[in-house]
A.B. asks: 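If you scroll down you'll find the structure; I have some questions about it.
The sequence lines fix the lettering, A, B, ..., with proteins before strands; numbering per chain opens at 1.
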Amino acid sequence: MRIVAEHLTHIYNEGSPFAVKALDDLSLTIEEGEFFGVIGHTGSGKSTFVQYLNGLMRLPSSKKRRKKKGDRTVLQVGEFDLTRKKTDFRALRRKVGMVFQYPESQLFAETVFEDVAFGYKNFAEKKPTAEELERVVRAAIEETGLDYESVRNASPFDLSGGQKRRAAIAGVIVTRPEILVLDEPAAGLDPLGKREVMELLHKLHGDWCKTVVVVSHDMDEIAENCTRVAVFSDGKVLYSEPPRELFKRAETLQALGLDIPLTAKLCAALEKRGVPIDCDFTIEDFVKKTLARKGGESC
Amino acid sequence: MLKDVSFGQYYPVESFVHHLDPRVKIVFLIVYIVAIFLAKEFLALGIAAALLLLALIVSRVPLPKVIGALRGILFLVVFTATVNLLFYQGDKVYWDAPAVLFEWKIIKITQEGIIFSIFLVIRLVLLMVCSSLLTYTTTPVSLTDGVESLLAPLKWIKFPVHALALVMSIALRFIPILMDETQRIMNAQKARGSSLDTGGPAKRVKAVVPVLVPLLVSALRRADELGEAMEARCYSDGKNRTKYKKLRFTWRDLLAFLLGAGLLAGMIVMRYFPVFAL
């Protein structure tokens with residue numbers, strides 16, 4: 001499923017003194033199969049945009065939109081046209097899984113099993129049998145790296161922080177969405193937990209999940225994982241390109257108040273000293289190219 | 001993130017009403033409520049309504065905002081009005097028709113019942129508008145300062161006024177946060193296919209549990225964290241606590257106070273010496 005957004009504008013509390021323009025005539029296309037990164041500082045419209053992707057944010061009626069000047073808004077996710085009111089948002093949400101920031105705050109059930117099964121039961125057309133439920137819940141929990149037998153009957157509130165995060169993610173991927181949208185999936189975890197979450201996403205992405213869209217502040221994470229990155233600023237998309245190109249704009253990004261990956265910082269420092277290194281900013285590639293360079297010249 | 005919350009939110013503009021001393025506004029609200037329940041004829045209610053309308057215009061709070069606040073009590077108003085209309089017992093005759101207009105089993109529509117229902121609706125609407133005017137024009141902080149200052153005499157009987165004011169300000173402070181949190185959790189559960197905005201009433205009620213449980217958990221956690229943070233800063237309701245903003249009584253406040261007093265006096269006079277005996 002391809003995601004196409006054109007001329008998307010969103011204003012919170014329109015017409016009051018609290019009015020905030022979160023999205024300003026934004027256009028962005030995400031192809032099927034991408035591991036897409038979204039970066040930008042707080043209030044740049046990232047979270048608002050991703051909420052549009054599964055219909056949690058809705059466009060005003062077409063009548064209201066027509067009254068305003070400007071180009072026609074387009075918002076298409078696969079076969080779903082989100083500018084229409086009659087779109088089947090339920091079917092859409094089934095295909096577009098959404099993991100919010102700190103997803104562990106959505107846990108509510110008495111056991112992890114019940115919590116993970118919640119989404120599956122909601123989306124099922126007819127009541128799933130006990131075996132079917134057991135099968136899909138086990139698959140989802142094991143996919144996140146939790147031990148099914150030991151957590152299935154545990155209360156989600158008794159798990160550790162990292163386990164809670166996994167259980168919450170399991171509750172979203174249990175329906176096997178084609179597009180998985182994650183808002184800061186690794187925020188607040190320790191370095192090991194962060195890496196494990198990103199590895200999990202890669203595993204899913206190579207499997208049944210076709211497209212991953214991840215919002216993040218962690219540039220190392222972005223450089224390491226994404227095939228393409230969009231930079232949000234004041235409700236607009238400034239750049240949308242692979243990290244390999246994007247992080248060459250170190251100075252522009254820093255002027256926007258954004259961090260750059262460690263590898264990009266090292267590359268810039270080396271270039272200043274007359275040692276340009278052309279890498280794609282993943283740690284592996286950086287080390288390889290640097291060592292190759294060192295092998296070529298004696299120092 | 002800011003949400004479209006219209007009930008009781010401070011509306012930041014500069015106006016005469018905004019600059020009033022919160023104590024005066026609170027007293028005015030109480031006086032106003034007493035006054036509209038003293039009123040026994042349409043003229044008296046009309047005067048009260050006109051005064052409120054004037055205050056509303058002076059406050060520069062846009063009318064749609066105020067009407068938005070009314071939507072919240074719409075059900076209550078319709079319900080009480082209907083109950084009163086159907087069951088009110090009274091035999092006063094106001095116009096040229098029998099006192100009891102309609103009777104069937106326990107339902108009895110009387111002339112007095114109709115008049116009483118209309119009164120009730122007007123009173124409830126005025127009450128709601130007046131109290132939302134208070135919250136639209138007063139920040140939570142000055143509201144609590146006002147309450148604390150008004151309740152100060154109770155300190156003489158060892159009543160914990162400061163603690164009460166603190167509880168109130170914390171509660172007010174957390175309303176938007178909890179609203180936000182609710183929205184977030186609702187979104188998360190909707191994304192998991194919960195039928196919060198689709199399906200029949202029974203389904204929707206069932207869908208509330210997955211929102212309430214996480215909300216309660218997070219509210220308790222927040223309360224815990226706040227308590228710890230306050231303790232870590234050695235918070236206590238010491239006697240020598242000073243205020244950043246001192247409350248001051250000015251000519252504006254005197255004017256509003258006199259208006260309120262005048263209204264109350266007028267209502268008492270009209271109650272016992274009715275102009276048009278209804």
A.B. asks: Is a salt bridge present between B:Arg184 and A:Asp183, judged by a nitrogen-to-oxygen distance below 4.0 Å?
C.D. replies: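 Salt bridge flag = no for A:Asp183 with B:Arg184.
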A.B. asks: Does B:Glu231 CD have over 12 foreign heavy atoms under 6.0 Å away?
C.D. replies: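 Result for CD/B:Glu231: open.
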A.B. asks: Can you confirm whether B:Phe16 is buried at CZ, in the sense that more than 12 heavy atoms of other residues, nucleotides or ligands lie under 6.0 Å from that atom?
C.D. replies: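 Counting neighbours around CZ of B:Phe16, more than 12 heavy atoms of other residues, nucleotides or ligands fall under 6.0 Å, so yes.
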A.B. asks: Can you confirm whether more than 12 heavy atoms, excluding those of A:Glu142, are under 6.0 Å from its CD atom?
C.D. replies: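 Yes, the 6.0 Å shell around CD holds more than 12 heavy atoms from other groups.
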A.B. asks: Among B:Ile185, B:Val217, B:Val213, B:Leu216, which residue satisfies the side-chain contact (heavy atoms from CB on, under 4.5 Å) criterion with A:Phe108?
C.D. replies: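 For A:Phe108, the side-chain contact (heavy atoms from CB on, under 4.5 Å) test succeeds with only one of B:Ile185, B:Val217, B:Val213, B:Leu216, which is B:Val213.
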A.B. asks: Given that the side chain runs from C-beta out, which part of A:Gln51 has a heavy atom under 4.5 Å from chain B: side chain, backbone, both or neither?
C.D. replies: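 Answer is side chain: those atoms of A:Gln51 sit under 4.5 Å from chain B.
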A.B. asks: Please give me the minimum heavy-atom distance between B:Ala191 and A:Phe100, naming the atom from each residue.
C.D. replies: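 Shortest heavy-atom separation between B:Ala191 and A:Phe100 comes out as CB-CE1, 4.2 Å.
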A.B. asks: Highest number of heavy-atom pairs under 4.5 Å with chain B: which of A:Asp115, A:Asn54, A:Val174?
C.D. replies: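 Heavy-atom pairs under 4.5 Å are most numerous for A:Asp115.
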A.B. asks: Please check if atom OH in A:Tyr148 has more than 12 non-hydrogen atoms from other residues, nucleotides or ligands closer than 6.0 Å.
C.D. replies: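 It does: A:Tyr148 OH has more than 12 such atoms within range.
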A.B. asks: Does A:Phe36 have more than 12 heavy atoms from other residues, nucleotides or ligands lying within 6.0 Å of its CZ?
C.D. replies: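 Check passes, neighbour count above 12.
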A.B. asks: Nearest 0.5 Å, please: how far is CD in A:Glu104 from OG in B:Ser218?
C.D. replies: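 Those atoms lie 12.0 Å apart.
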A.B. asks: Is there side-chain contact between B:Arg192 and A:Gln106, with at least one heavy-atom pair below 4.5 Å?
C.D. replies: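 B:Arg192 vs A:Gln106: side chains touch.
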A.B. asks: A quick test of your reading: do over 12 heavy atoms of other residues, nucleotides or ligands sit less than 6.0 Å from CZ of B:Arg173?
C.D. replies: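 Result for CZ/B:Arg173: open.
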A.B. asks: Can you confirm whether A:Phe89 sits close enough to B:Lys190 that some side-chain heavy atom of one is under 4.5 Å from a side-chain heavy atom of the other?
C.D. replies: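 Not touching, per the 4.5 Å side-chain cut-off.
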A.B. asks: Given that the side chain runs from C-beta out, which part of A:Phe157 has a heavy atom under 4.5 Å from chain B: side chain, backbone, both or neither?
C.D. replies: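 For A:Phe157, side-chain heavy atoms alone lie under 4.5 Å from chain B.
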A.B. asks: Should the heavy atoms of other residues, nucleotides or ligands under 6.0 Å from CG of A:Asp24 be counted, would the total exceed 12?
C.D. replies: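 Yes, the 6.0 Å shell around CG holds more than 12 heavy atoms from other groups.
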A.B. asks: Over all heavy atoms of both residues, which pair between B:Pro214 and A:Ser105 is shortest? Give the atoms and the distance, please.
C.D. replies: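 Taking B:Pro214 first and A:Ser105 second, the nearest heavy atoms are CB-O, 3.1 Å.
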